[in-house]
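Have a look at the structure below before the remarks.
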Amino acid sequence: MEVPVKKFALLAATTASVFSLAACGDQSGGAGATRDQIRAVGSSTVYPFATAVAELFVQGNAGMKSPIVESTGTGGGMKLFCAGVGAQHPDIADASRRMKKAEFDQCQANGVKDIIEVQVGVDGLAFAESKQGPGLKLTPKIVYEALAANPYGKGPNKAQTWKDVDPSLPAIAISVFGPPSTSGTRDSLAELILEKGCQSDEAMKALKEKNEDEYKATCTRVREDGKYVDSGENDNLIVQKLGANPNAVGVFGYSFLEENKDTLKDVPIDGVEATYETVSTGQYPGARPLYIYVKKAHMTAIPGLQNFLNTFAANWNPDGALTKRGMVAAPEDVRKKSAETVKALTVLDGSQLK
């Protein structure tokens with residue numbers, strides 16, 4: 001972690017920020033608009049880790065204000081992040097999936113030209129039930145057939161119980177509490193589980209080549225008849241609902257399962273349980289990378305932003321403070337690359353995005 005900033009240097013950095021942000025033009029919220037506090041928005045999954053870093057940042061940087069961290073969902077965070085450069089726009093977007101090409105293009109169109117992408121860790125898209133739950137064992141195919149609005153394009157989903165989907169499962173009503181469409185966790189549910197289940201049908205693989213939009217709608221659109229309940233960006237609310245509904249299934253980041261092992265149990269996917277080891281090695285089907293995106297234009301304008309990134313890098317190792325909060329450390333080669341990005345402030349090449 002960085003040595004605490006001396007008062008003189010801090011004053012100089014704050015003074016510099018006044019001129020730097022004012023120089024950002026009209027997008028900064030008017031001439032002279034400034035901000036002496038880091039602001040991050042985005043993923044509810046990354047939120048507890050970003051707030052942990054904010055706490056460590058304040059401890060290690062005397063006199064600095066605590067960063068503002070908001071849980072808006074990955075999609076919502078990207079919209080705020082890409083809206084422009086300057087004091088009225090956030091410095092960081094937390095994301096539980098990689099930035100989309102469309103979001104990158106929106107950033108570029110709004111003057112957010114230089115974006116730094118840092119993978120800060122790994123997470124698992126966990127499926128869980130109450131300790132009093134039925135002990136479900138699921139596969140991507142079963143989850144898809146239970147939750148898809150129009151399974152394999154053959155008409156509205158009529159399955160009412162898990163047994164309707166697979167005879168080996170109990171005749172318990174399908175009830176899944178999960179993230180909203182603005183959430184990166186919902187995107188991960190679609191990409192890592194629903195699409196894999198959908199592709200068990202060869203016709204869907206062919207459809208992807210023929211009509212990408214129709215394929216996406218068929219394979220990722222979730223039913224809206226009450227079997228899947230959008231529970232907002234508060235993952236703790238899902239935990240509470242599982243306690244009140246022992247037959248229901250919850251979908252959220254692995255860290256929330258880890259934090260609530262006293263009341264919840266894992267629902268294995270393809271026979272693999274979500275554990276630190278299976279998530280970190282990629283054995284678990286729902287494993288996914290976690291990112292933060294930073295505006296390079298804000299690096300010299302916002303006091304402490306470099307130190308905030310340094311604090312992230314100092315605490316994402318397997319024995320670091322973030323893993324103690326439930327985050328899974330990324331593989332060593334990924335951590336090394338991310339540390340180099342933080343040091344060099346390497347800008348993202350959008351050509352690799354989808």
Side-chain angles (χ1 to χ4, degrees), residues 43 45 73-79 82 95-109 117 123-127 138-160 162 164-166 169 174 176-231 249 251-253 267 269-270 272 282 284-291 348-354:
S43 167
T45 300
T74 298
M78 286 296 183
K79 284 183 180 177
C82 289
S96 55
R97 48 125 175 111
R98 201 172 191 202
M99 176 180 273
K100 296 176 180 177
K101 182 67 164 64
E103 291 166 340
F104 181 83
D105 292 344
Q106 187 63 48
C107 268
Q108 300 296 301
E117 176 188 74
D123 186 45
L125 177 71
F127 289 71
L138 303 176
T139 66
K141 183 175 185 288
I142 289 171
V143 175
Y144 171 72
E145 291 179 4
L147 297 184
N150 180 20
Y152 309 117
K154 296 177 181 178
N157 198 331
K158 293 188 170 63
Q160 297 299 306
W162 291 106
D164 291 340
V165 178
D166 189 293
L169 296 174
I174 297 167
V176 177
F177 295 104
S181 58
T182 55
S183 171
T185 304
R186 176 71 164 268
D187 292 328
S188 295
L189 172 64
E191 181 182 339
L192 300 174
I193 304 297
L194 297 180
E195 280 195 58
K196 284 182 182 175
C198 182
Q199 288 177 2
S200 64
D201 186 314
E202 290 297 324
M204 294 299 100
K205 292 180 182 178
L207 180 62
K208 185 176 183 179
E209 297 298 320
K210 182 181 175 183
N211 189 326
E212 181 79 18
D213 290 340
E214 188 180 341
Y215 163 81
K216 281 286 185 186
T218 304
C219 289
T220 66
R221 193 160 65 86
V222 175
R223 61 197 297 184
E224 299 177 350
D225 58 356
K227 296 299 181 185
Y228 180 91
V229 180
D230 174 337
S231 301
V249 172
V251 182
F252 38 54
V267 174
I269 301 295
D270 273 345
V272 182
Y284 181 66
R288 58 182 180 163
L290 300 177
Y291 298 94
L348 173 67
D349 175 3
S351 65
Q352 303 300 313
L353 302 177
K354 298 178 181 177

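- The closest side-chain heavy-atom distance from Arg288 to Thr185 is below 4.5 Å.
- Atom CD of Glu191 sits about 10.5 Å away from atom OG1 of Thr220, to the nearest 0.5 Å.
- Residues that satisfy the side-chain hydrogen bond (donor to acceptor under 3.5 Å, both in side chains) test with Lys101, not counting sequence neighbours, are Asp105.
- Among residue pairs with one or both ends in residues 176-205, those qualifying as disulfide (SG to SG under 2.5 Å) are Cys198-Cys219; sequence neighbours excluded.
- In this structure Lys100 satisfies the side-chain hydrogen bond (donor to acceptor under 3.5 Å, both in side chains) test with no other residue, sequence neighbours excluded.
- Judged as a side-chain hydrogen bond (donor to acceptor under 3.5 Å, both in side chains), and not counting sequence neighbours, Asp270 has no contacts.
- Rounding to the nearest 0.5 Å gives a distance of 9.0 Å between CZ of Arg97 and OG of Ser183.
- Side chain to side chain, Glu195 and Tyr215 meet the donor-acceptor criterion of an N or O pair below 3.5 Å.
- For Arg186, the side-chain hydrogen bond (donor to acceptor under 3.5 Å, both in side chains) criterion is met by no residue, not counting sequence neighbours.
- Using a 4.5 Å heavy-atom cutoff, the side chains of Ser200 and Tyr152 are in contact.
- Phe177 is linked by a ring-ring contact (aromatic ring centres under 6.0 Å, His included) to nothing, counting only residues two or more places apart in sequence or in another chain.
- Here Glu117 contributes atom CD and Tyr291 contributes atom OH; the two are 5.5 Å apart, rounded to the nearest 0.5 Å.
- Between the side chain of Ser96 and the backbone N or O of Ser43 there is no donor-acceptor pair closer than 3.5 Å.
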